[in-house]
Amino acid sequence: MAPKRSSTALNSASGGGKQQNIAKFFGGKTNADSVNTPKIGAQASTSGSTGVQKKTAVASLQTSRPVAEVASATFSGREAVHAQPQLKRLRKAGTVTQTAATDAEDLADRSPSPSPRQENTTPAKSKSPAKRKSRTPAAGSPEETKATSAHPPSPAGRRPQMATSPAATDLTGSSADDEGQADRDDEAASNKRRKKAVLKAPASTAKVAGVGKSALAAAELHAKYEAGQAATWEAGAPVPFAFLAQTFTAIDATTKRTEITNILTDALRTIIATTPDDLLPTAYLLNNRVAPAHAGVELGIGDAILIKAISSVTGRNEKSIKEEAAKSGDLSSIANAAKGKQGLIGKVTANTIRSVFKTFRDIAKIEGNKSQDHKKALISKLLTASGKGSNEAGYIIRLLQGKLRIGLQEQGLLVGLAQAAFLERESAGRDTSSLAPRLEAAAQTVKQVFSECPSLDELVPALLGGPIKDLPKSVRFKPGVPIKAMLAKPTNGVTEVLDKFQDTQFTVEYKYDGERAQVHVDERGHVTIYSRNSEDMTGKYPDLAQRMPDLLAPDVKSLVVDCEAVAWDPKEGKIRPFQVLSTRKRKDVTVGSIQVQVVLFAFDCLFLNGESLLSKPLTERREALVGSMTAKPGQMEFATFKTSHDVEELGNFLNESVAAGMEGLIVKSLDSTYEPSKRSVNWLKLKKDYLEGVGDTFDVVVIGAWHGRGKRTGVYGSYLLAIYDDENEQFQTISKIGTGFSEELLKTLHGQLNEHVIDAPRTYYRWGESLVPEVWFDAQVVWEVKAADLSISPLHKAAAGLVDPTKGISIRFPRLVKTREDKSPDQATSPEQVAEMYNKQVLLSKTKGKAADDDDD
DNA sequence: GTGCATCATCCAC
DNA sequence: CTCGGACAAATTCGG
DNA sequence: CCGAATTTGTCCGAGGTGGATGATGCAC
């Protein structure tokens with residue numbers, strides 16, 4: 001064996017130091033270097049090798065940025081070592097770490113406080129003056145108020161870039177910004193070969209302007225469009241499904257965003273002008289839904305049933321359909337091809353939008369014995385009733401798959417709805433120069449409204465009923481209807497965080513590894529709980545629903561809080577890993593039968609006593625949060641957070657959080673509003689595995705692949721990966737992988753791997769029965785892959801027998817880092833290393849849970 | 001028919 | 001959940 | 001000061017592991 005040196009370059013710049021440590025850790029074991037980076041170690045107290053790793057990890061965390069810098073910081077294990085103590089020292093200095101429960105005062109006085117505030121607004125280089133300068137309220141009032149209340153209005157008059165759009169410049173006012181120390185920073189940074197620099201002031205993004213050249217061009221077209229003319233049906237008559245299919249085809253033909261929305265807008269206008277009753281079913285079809293998410297109604301259709309249906313309509317056998325679909329990457333084209341021959345048979349009446357939608361709803365209701373046959377029959381009927389042109393049958397298939405794949409999804413739909421409604425019902429105006437901003441405003445309003453009340457059942461009628469600017473009055477946030485969750489944007493290091501939040505006051509929270517839970521309490525005390533995707537989870541968490549009333553402060557009448565539900569071990573008083581939470585029953589759970597207990601970590605308050613808090617700054621929402629509930633260990637606690645601007649300290653807090661079993665941190669701007677459904681820069685997530693050169697990586701061998709679908713047609717869409725067990729001379733699968741590739745690389749790899757195709761798997765491959773790749777490869781190619789975590793796998797075989805007697809180990813969130821031309825397959829990561837990493841993770845989880853910060857002193 | 005294994009779908013991350 | 005690509009808007013750069 | 005070049009924000013669609021649930025299929 002003796003995979004010698006191999007990686008001289010391994011981890012080249014970023015991981016040099018780490019490498020040494022690993023090697024040390026594995027006591028010089030031959031291929032030690034293939035494990036690039038084990039987890040950040042457990043508590044430092046456990047000295048030894050673990051400690052060493054932790055230290056280096058810490059060091060690189062903190063710098064994170066320029067690769068070279070990291071490298072030098074970590075290059076020698078020594079240096080890294082002495083970095084550690086100071087970290088510990090710093091820990092408490094001058095900042096507050098609040099662990100749960102504590103009181104509101106504490107919170108209140110820390111946060112907004114004058115001093116930090118001005119510190120942040122003052123030096124403001126407000127580099128994005130244009131940014132929040134906001135547009136005339138036009139139709140978009142709600143965001144408006146929100147934006148301005150979040151920040152001191154700091155508009156900068158000059159620079160109304162949106163030349164022609166007067167509306168966009170209206171509101172501007174004085175400019176508060178001063179010159180450019182930002183520039184200096186930038187230069188300094190870029191001198192250090194930093195990729196790009198900085199910028200970005202705080203919250204309240206675009207929305208204000210958002211009208212560019214292409215939007216203006218579009219407005220001109222819209223001003224001229226005659227809605228009714230495209231209709232081939234009589235006013236009031238059901239709109240033929242073919243009309244929708246044609247629209248899809250047109251949209252599919254372009255990738256230009258404005259063009260897509262224009263096509264959609266025109267089509268929707270036509271429907272509004274002729275048969276407005278069909279707008280709702282149209283919207284549902286476009287939204288790939290049959291009911292609002294929280295209604296819990298699903299189609300229950302997958303490729304398997306679709307293939308059966310296609311088979312029964314075309315007479316082809318299922319297997320051939322399946323194979324062709326795998327190769328062509330598109331089931332829908334098969335249905336279309338068949339249609340090309342047949343067209344409408346006999347006296348079948350053609351599909352209409354409403355008939356298709358009605359059938360979808362019927363399908364969703366079917367359950368029980370023979371339900372699949374029943375569904376198949378309905379689908380077959382839809383297919384036979386599809387016309388010949390326009391790819392109708394294909395779109396039926398795609399709609400049922402829930403993947404239209406034409407470059408239009410929910411956000412695009414909302415824009416189309418907004419524009420169409422505005423133009424058909426209230427535009428009035430021909431002055432195109434003001435039209436563009438008004439359309440933009442309408443779109444923003446509709447998006448906002450929908451994110452606060454994601455129900456087309458409410459939105460569409462309201463859209464047809466009155467002016468868009470009145471929407472927020474009729475369709476609004478209320479307990480009992482989930483609001484779309486605000487999401488955090490990934491960042492690649494502490495320094496990036498600091499860049500983005502330069503002159504913003506921010507706070508840092510633990511990122512718990514559980515499940516998002518949006519808890520609603522209405523005026524009657526009724527509790528409902530929603531998932532990140534707005535599914536109703538109340539049936540899964542009756543225990544949470546039951547305990548809520550006891551947690552509420554006396555004067556709380558209604559409330560919506562944003563939380564993370566985390567598995568909880570009541571005996572040990574510690575949190576448990578996500579994998580445990582996922583084993584919890586989901587339906588018809590009764591409080592008495594619960595196997596996996598759960599603790600809620602609350603981190604935001606969105607609604608209190610009849611009032612929406614969305615437009616309030618985080619500081620206020622936090623006050624509301626701690627003021628409205630009382631923490632109880634093991635039941636409900638407030639997410640641990642701290643407020644600090646110090647790089648080192650942030651890095652330290654990140655490590656702390658990981659040691660406490662967290663996924664990392666969420667960094668939040670303190671004066672930002674809650675922006676539903678946005679992946680806002682106001683919330684940044686910081687996970688150790690995002691950092692370059694940090695996190696678990698593996699060197700794996702490619703032994704199989706699957707044909708890609710959709711835009712990956714013609715190349716492999718995913719690959720099967722294995723590690724190498726040199727004792728038994730086996731390649732054991734550890735994961736599939738399908739992300740981290742550029743399109744170009746995908747092509748290259750397809751060609752490269754095709755040279756290693758073999759007819760049958762090698763006898764020395766070990767894989768899961770239900771994970772048989774479509775193509776096998778001889779073990780030749782080695783890649784470096786990164787993951788967030790390791791898990792015991794029911795399918796994969798890596799390190800089988802080492803941790804679990806039969807099961808192997810797999811990885812969470814695998815992605816390609818790079819190909820490793822310099823490594824041979826026998827230098828891949830070994831089972832021992834995988835097992836070691838897994839064990840370390842478990843060990844860590846044993847000491848985690850509670851106070852992670854009581855270790856020093 | 002009942003019980004058990006497997007497949008398909010959905011949903012969390 | 002992670003990632004990359006395409007667009008459009010916003011911002012910076014260069015003449 | 002204006003147009004070109006570059007950066008940022010948004011949206012979309014490829015793809016991952018794993019567990020519960022419900023339907024189906026097979027053995028008895």
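Here is the naming used below: chain letters follow the sequence lines, and residue numbers restart at 1 for every chain. The analysis underlying the following values was restricted to heavy atoms, covering all of them including side chains, and did not include hydrogens, waters or symmetry mates.
Going from atom CD of Glu535(A) over to atom P of dC13(B) covers 11 Å, rounded to whole Å. When the C1' atom of dG18(D) is taken as reference, atom CD1 of Ile809(A) falls 15 Å away, rounded to whole Å.
Glu259(A) and Thr254(A) are linked by a side-chain donor-acceptor pair at a separation below 3.5 angstrom, with hydrogens and angles left out of the test.
Between Lys322(A) and Asp303(A), none of the side-chain N atoms (NZ, or NE/NH1/NH2) sits under 4.0 Å from a carboxylate O, so this pair counts as no salt bridge. For the pair Asp696(A) and Arg812(A), the salt-bridge criterion is not met [side-chain N within less than 4.0 Å of a carboxylate O]. With respect to Lys540(A) and Glu515(A), a salt bridge is recorded, a charged nitrogen being found less than 4.0 Å from a carboxylate O. A salt bridge is absent between Lys308(A) and Asp373(A); no separation between the charged side-chain nitrogens and carboxylate oxygens falls under 4.0 Å.
Along DNA chain D, the nucleotide nearest Lys587(A) and the nucleotide nearest Gly717(A) are compared for position; the residue whose nucleotide lies closer to the 5' end is Gly717(A). With DNA chain D read from its 5' end, the first of the two nearest nucleotides for Gly710(A) and Ile734(A) is the one closest to Gly710(A).
Contact annotation: Ser214(A) reaches the phosphate of dA9(C) (side-chain N/O to OP1 or OP2, under 4.0 Å). Contact check, Arg405(A) against dA14(D): a side-chain N or O comes under 4.0 Å of OP1 or OP2. Between Ser793(A) and dG18(D), a side-chain N or O to OP1/OP2 separation shorter than 4.0 Å is present. At least one side-chain nitrogen or oxygen of Gln579(A) sits closer than 4.0 Å to the OP1 or OP2 atom of dG19(D). Regarding contacts with the backbone of dG18(D), a side-chain N or O of Ser791(A) is found under 4.0 angstrom from either OP1 or OP2. Between Gln372(A) and dA23(D), a side-chain N or O to OP1/OP2 separation shorter than 4.0 Å is absent. Contact annotation: Ser531(A) side-chain N/O to dA12(B) OP1/OP2 distance is under 4.0 Å. Neither OP1 nor OP2 of dG25(D) sits under 4.0 Å from any side-chain N or O of Lys370(A). Distances shorter than 4.0 Å separate some side-chain N or O of Thr258(A) from OP1 or OP2 on dA8(C). Contact annotation: Asn533(A) side-chain N/O to dC11(B) OP1/OP2 distance is not under 4.0 Å.
Listed nucleotides: dG19(D), dA12(B), dG18(D). Nearest to the side chain of Phe578(A): dA12(B). When the nucleotides dC11(B), dT2(C), dA20(D) are ranked by their closest atom to the side chain of Met537(A), dC11(B) comes out on top. Counting only heavy atoms from C-beta on, Gln411(A) has its side chain closest to dC12(D) among dC10(B), dA23(D), dC12(D).
Between Tyr719(A) and Phe741(A), the ring planes lie tilted relative to each other; the angle falls in the 30° to 60° range.
Residues forming a side chain to side chain donor-acceptor pair (under 3.5 Å) with Glu663(A) (at least two apart in sequence, or on another chain): Lys511(A), Lys687(A).
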Tabulated below should be each protein N or O lying under 3.5 Å from an N or O of nucleotides 3-6 of chain C; please produce it.
from, atom 1, to, atom 2, distance (Å)
dC3(C), OP1, Arg815(A), NE, 2.8
dC3(C), O4', Thr739(A), OG1, 3.0
dG5(C), OP1, Glu743(A), N, 3.1
dA6(C), O3', Thr255(A), OG1, 3.4

